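Okay, so here's the structure we're looking at.
The figures that follow rest on heavy atoms only: side chains count, while hydrogens, waters and symmetry mates do not. Note that this is a predicted model, so its numbers are computed, not measured.
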Amino acid sequence: MARRLVALAVLLVFLLLPTAAQAVAEGRTTAAGTPVAAEPTDEPSPTESESAAPTVPDGPYLSVRLLDEGEPVPGVTISATDADGGELGSAETADNGIAIIEIPGSGTYTVELDEETLPDGIALDDETGNTREVRAPLNGPNIVVYNIGTQAADTAGFGFQLSAALVSGLKFGLITALAALGLSLIFGTTGLTNFSHGELITFGGLMTWVFNVSFGLPVIVAGLLAMVFAAGFGWVQERGLWRPLRKRGTGLIAMMIVSIGFALFLRYLFQYFFGPQTKSLSQYTTQQRQTYGPIAIADKEIVIILVGIVVIAVTCIALMKTRLGKAMRAVSDNPPLAASSGMRVDGVVAAAWILGTALSGLAGALLAVNSQVNFLMGFKLLLLVFAAVTLGGLGTIWGALLGSMVIGFMVEVGPLFGVPSSIKEVGALVVLILVLLIRPQGILGRRQRVG
Amino acid sequence: MAAENTTGTTPGSTGAVDVGAARAALREVPNDPGAPKPDPILVGSGLVRRFGGLKAVDVGHIEIQRGVITALIGPNGAGKTTLFNLLTGFDEPDEGDWSFNGSSLRKVASYKVARMGMVRTFQLTKVLAKLTVIENMRLGATGQKGERFWSAVFPSIWRKQEDENTVRADALLDRFLLAKKREDFAGSLSGGQRKLLEMARALMVDPEMIMLDEPMAGVNPALKQSLLGHVKSLRDEGRTVLFVEHDMDMVRDISDWVIVMAQGSIVAEGTPDAVMADPRVIDAYLGAHHDTDLSELDEEKIEAEAMAELEGKDKP
Amino acid sequence: MDLFEILRAALSQALGPQAIVLALAAIGLNVHFGYTGLLNFGQAGFMSVAAYGLAVPIVIMDLPFVAGLVMALLMPVVLAVVLGFPTLRLRADYLAIATIATAEILRLVFGSVEMRDIFGGSNGLTGYARPFQDLNPYGSGIDLGIFALSRNDLWAATVGWILVALCSLLVWALMRSPWGRVLRSIREDEQAVRSLGKNVFAYKMQALVLGGVFGGLAGLFLALRQASVVPSDYGTNITFFAYTALLIGGAARVLGPVVGAIIFWFLLSGLGALFSQATSGANPLIPEVIMSNQQASLVRFILVGLALMLLMIFRPQGIFGDRREIAIDGR
């Protein structure tokens, strides 16, 4: 394609009440190149006192801030129209990227960006238009952030985009694989389809944030501590909740519903203590990707990928070679048989919980390093983890790995081949359903009791 | 939305079969594996079912004589239950064909097999625990108008039929000594009572052939005699009975013909006395498998059941 | 602390439109899960296809209101059939994963930027409910002091409770029939039902469709009542709240979901008002350090999660039910 492609990411509309000073102003930036969440997160609000800010009208107005990878883009013409298409005027973005357009009052408006005025090296994507619908809820200032996540236009050829997507896919696949291994271990030994597994991932992310930001520890130490705490959390819930349920003879379906209650409980508990915001760690938040030949990759991404590969490899080798690993697989295959041959099934199950939650906690920590921390981060990943595990074959370790990698690449590479990027997860979920249709036991699963 | 399960034709068994003649005819049959019968109701050939590398069932030829009691025996893991599952559509063989009353059952869904007149019970009883005994019984009746979605809303359509079914159900409960338990939840019954209920419920379908998977397993000795009587009475009212059993006394007492399986194949068949004296049978029970690796056999059995459940699905 | 105000908030929600939405969704789940044993975790999906089935023809395609209603009733049936074919043969947890995934797919697609021309993106669709509002016979709202509904809500509640009554009546009629007996038997042991010559797959499909239509009615009612369809209303939480309501009232009981939904909203909104009051004002009852006003709104949801767990563990038959016939073994 001759035309240079630039990904137009997302606009975000959020009201700003001067009084509602929520703990948002922790000057964070949207991580470059990462997908912006499809829901309103709280963008840092530009303050009126910034230099070169345009004069502020008395009446209602839209304050549109144009950001490219978090950097303001000056000199771009922005115009606004009302719902009926009536022109309301236009303005040029100032040095801080802000253009101010007066509006008659609260309502829904369309903001248009004049592509001709974009600086050299920045262009918009073909498919995403240059207009955005925005809601202005206030009869006063309405802050609109117009985010355009871009890449250097010179290198944004298809090959480069593909390699970038492959790197993201590998990274995302490995993070998913860690969580999927955890889910698979627990499912294998207990038969529990654990709907609270997403919250175990979140737990890892939140703990990393707590140790890093609240206690001021370095991110790496915080991540390791988070993993240890996640393992402890796994052990506690096995002893305090799941084992007693098994002893009572609670059915698997009943346990599944219990896990849903537990997920809701944890999710809102997390929100209670952590708040609804998306927060950043103190280190490695914005790292530019560096180019190595055909590949552009940030240092933290290299670390995430290496950690993922090493941990997964060690886990798999341990499961294959060690006594405990063999015991786990024996319990997966046939719990009564394992018990009758003198195995301590409870001990094996507890080990599976500890290992499984540690892996999931690590997934959460890596996710936190990769982007940010939010009380919903694990829940959003849960269905993809389910998809990965089902795709590969429920309860098999290699299946979980294979499924995760397939899902990771599908999600990240899909948008290059026409999957709408705002719903790139949908493709993976559709595959999940197709797998259930064609081969319910998964790619590597044995034909087992699935019917 | 209506369930198409109401053909209204029950394969009645109103004594059209002369039991004496059927038994007498068996005397002419040679005691060889896969021997043809004078009046077979069920014929199967080349039935093979593999689980992984293991041939759980490999039956060259099998015929079941109409109107008599045939026992299927063999050591654990011989493939008896798997064969049962194959014949009744709860599992699908890798190869082979089989027919019931002349019509092929290949690729026929299990519920259709039941409607054709071949009803089975299960080794582990499957009573509907949270339905009452009488509700369990009523469920068995075929061709119920009230089981169609739109008719269900209007009791006037199905009330009369329901009452008739209830009369029939009560008669069966009387016969199987369950009348006192009529309003109890089936889950509260003892193991033996469950076996009785399952048998009675199968009779609500009015099957031409009934297949009992270990009817004596877990039944206390006091009940055994009455169960034996019930099985015999099934034959005497003209139904064909095929049952799997380990209890050799029962096999000797009530069966007219015995088929012996080992390692998935039929190794011997004949009249009870002849079979009990057959060295191949003793070998099958005591010889090759005596004290060998039982865990392997268990595994096969577990897997067989898993497969049965996997395959035991409807074919729309 | 104003107990009267708390009671008023609780009662108004418990008898208002919110509880109706939940009751209808839970009636559907009762057919799926309570009677048939189908683990549908995607009731939100059935709700959303009905809501968009109503809105899209009217708003985007300019078709008459009735066309929207027809679509709203048709879409859940289509979804049930499409979903049921691959999944009804599978084990319960596969159905659960497939249904929750489908509901999320639908929500993401409905809210996607790319499909905004059809589904209105994250802002959703509005401007289709006029004919419904015009039918409103009430001149004003109702305020009995302890219980108040606005004019619109009063109309919605009237229609809604009639709908709930009709649905409950239908469930009652079906479940006492031989058809209902087959469903309950499938819940207990589908192999046994098969061995008696019943086409289990067909019955499960019928149950999925019926419960899906009830879920669709919940979505349709929500869309009519709030006059806008927004994708965020159809997240997974609504499904799990409906499960909680169902388990409160008792699964496999005709009025279980209705009673459960009323109690659910009574407690949810009562607790919300209670904690909101306890944490507001200059000198709040609960110190700011322990619970801020913002956190106060979350306590009730934490309790929902806890309630769902405890109910499933200790009283799977519901808080009023006896243990004689329960939907599912808690032990």
Side-chain angles (χ1 to χ4, degrees), chain B residues 1-5 7 88-90 109-116 119-122 125-132 135-136 138-155 157-158 161-162 165 185-187 198 201-202 204-205 207 308-309 312-316, chain C residues 31 34-35 37 77 80-81 84-91 169-210 213 251-252 316-317 322-329:
Chain B
M1 294 245 302
E4 25 93 20
N5 66 343
T7 50
T88 49
F90 280 80
S110 55
Y111 75 94
K112 286 186 185 151
V113 173
R115 275 188 222 167
M116 288 166 79
V119 173
R120 69 169 298 183
T121 65
F122 295 86
T125 48
K126 291 182 182 294
V127 296
L128 308 162
K130 281 161 211 145
L131 269 66
T132 60
E135 285 282 79
N136 264 274
R138 288 189 187 119
L139 178 74
T142 48
Q144 296 191 46
K145 293 177 186 136
E147 287 181 358
R148 278 177 298 197
F149 182 81
W150 295 112
S151 319
V153 189
F154 308 104
I157 296 176
W158 48 263
Q161 194 188 25
E162 181 88 344
N165 287 339
F185 281 92
E198 211 182 352
R201 190 179 63 193
M204 284 296 288
V205 184
E309 222 160 296
K313 56 192 182 185
D314 283 341
K315 296 152 192 108
Chain C
V31 172
Y35 289 109
V77 177
V81 172
F85 255 97
T87 52
L88 281 181
R89 296 147 200 287
L90 302 176
R91 216 172 48 189
L169 192 68
L170 180 61
V171 170
W172 172 79
L174 283 169
M175 291 311 158
R176 67 177 185 144
S177 77
W179 186 82
R181 182 167 60 218
V182 179
L183 292 200
R184 284 181 288 135
S185 306
I186 290 172
R187 180 190 72 201
E188 298 296 318
D189 193 322
E190 52 182 88
Q191 295 285 40
V193 179
R194 248 179 225 125
S195 78
L196 297 172
K198 320 284 177 196
N199 185 349
V200 169
F201 180 79
Y203 282 102
K204 280 171 143 183
M205 184 62 98
Q206 292 172 16
L208 191 67
V209 169
L210 179 68
V213 167
Q317 73 275 32
D322 62 27
R323 272 202 179 267
R324 281 217 344 140
E325 187 187 1
I326 56 177
I328 187 133
D329 271 313

| request: Identify, with sequence neighbours excluded, every residue that meets side chain to side chain donor-acceptor pair (under 3.5 Å) alongside E162(B). | output: R181(C)
| message | Heavy-atom cut-off 4.5 Å, strictly under: side chain, backbone, both or neither for A186(B) against chain C? | response | neither
| field | Max heavy-atom pair count under 4.5 Å with chain C, selected residue of P155(B), S151(B), G187(B) | value | P155(B)
| note | Taken in chain and number order and not counting sequence neighbours, the residues that satisfy salt bridge (charged side-chain N to carboxylate O under 4.0 Å, His left out) with R120(B) are D213(B)
| query | Side chain, backbone, both or neither: which part of L183(C) has a non-hydrogen atom closer than 4.5 Å to chain B? | reply | neither
| Roughly how far, to the nearest 0.5 Å, is the CE atom of M204(B) from the CZ atom of R201(B)? | 11.0 Å
| task | Please assess E190(C) against R194(C) for the test salt bridge (Lys or Arg N to Asp or Glu O under 4.0 Å), listing each intermediate value before the final yes or no. | result | CA-CA 6 Å; E190(C) 52 182 88; R194(C) 248 179 225 125; 3.0 Å; yes
